[in-house]
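A short worksheet on the structure shown next.
For this chain, numbers begin at 1 and follow the sequence in order. Small disclaimer: the values here were computed from a predicted structure and weren't measured.
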Amino acid sequence: MQCWLSWPACRHIYAGLDNADITDYDFSGGRYKKLLEKNNYKIKEKVWKRVDMGNVTLDH
């Protein structure tokens, strides 16, 4: 099953389907790693290299 939603939404769906804990689908979780082995994926380097302005904190 492919999920085209955001990853937080998808991991809730996958965990529910597998009767698993949501933490099993964290990026370091075992079920997440198995999911990667089963599916083809491509990392979009340009997306990962840019700054997400929603997570920037300015200390002044």
Side-chain angles (χ1 to χ4, degrees):
M1 176 182 146
Q2 289 186 354
C3 182
W4 298 103
L5 303 171
S6 66
W7 179 243
C10 289
R11 58 182 246 194
H12 280 280
I13 293 169
Y14 286 127
L17 291 172
D18 288 343
N19 291 322
D21 189 86
I22 192 167
T23 58
D24 291 340
Y25 283 97
D26 285 345
F27 291 117
S28 61
R31 290 181 190 246
Y32 176 73
K33 291 177 183 178
K34 287 182 182 178
L35 191 65
L36 290 179
E37 291 172 2
K38 291 181 187 177
N39 294 287
N40 295 325
Y41 61 93
K42 184 172 135 182
I43 297 173
K44 295 183 179 182
E45 294 294 331
K46 287 184 179 182
V47 173
W48 283 104
K49 289 182 181 178
R50 70 179 182 200
V51 176
D52 181 356
M53 297 306 290
N55 294 327
V56 175
T57 302
L58 174 65
D59 290 327
H60 60 283

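Counting only heavy atoms from C-beta outward, the side chains of Leu35 and Tyr14 approach each other to under 4.5 Å.
Residues Leu17 and Leu5 share a hydrophobic cluster, clusters being chains of Ile/Leu/Val/Met/Phe/Trp/Tyr side chains in contact below 4.5 Å.
A salt bridge does not link Arg11 with Asp24: every distance from a Lys NZ or Arg NE/NH1/NH2 to an Asp or Glu carboxylate oxygen is 4.0 Å or more.
Side chain to side chain, Asp21 and Thr23 meet the donor-acceptor criterion of an N or O pair below 3.5 Å.
Here the shortest heavy-atom pairing between Tyr25 and Trp7 reads O-CZ2, 3.3 Å.
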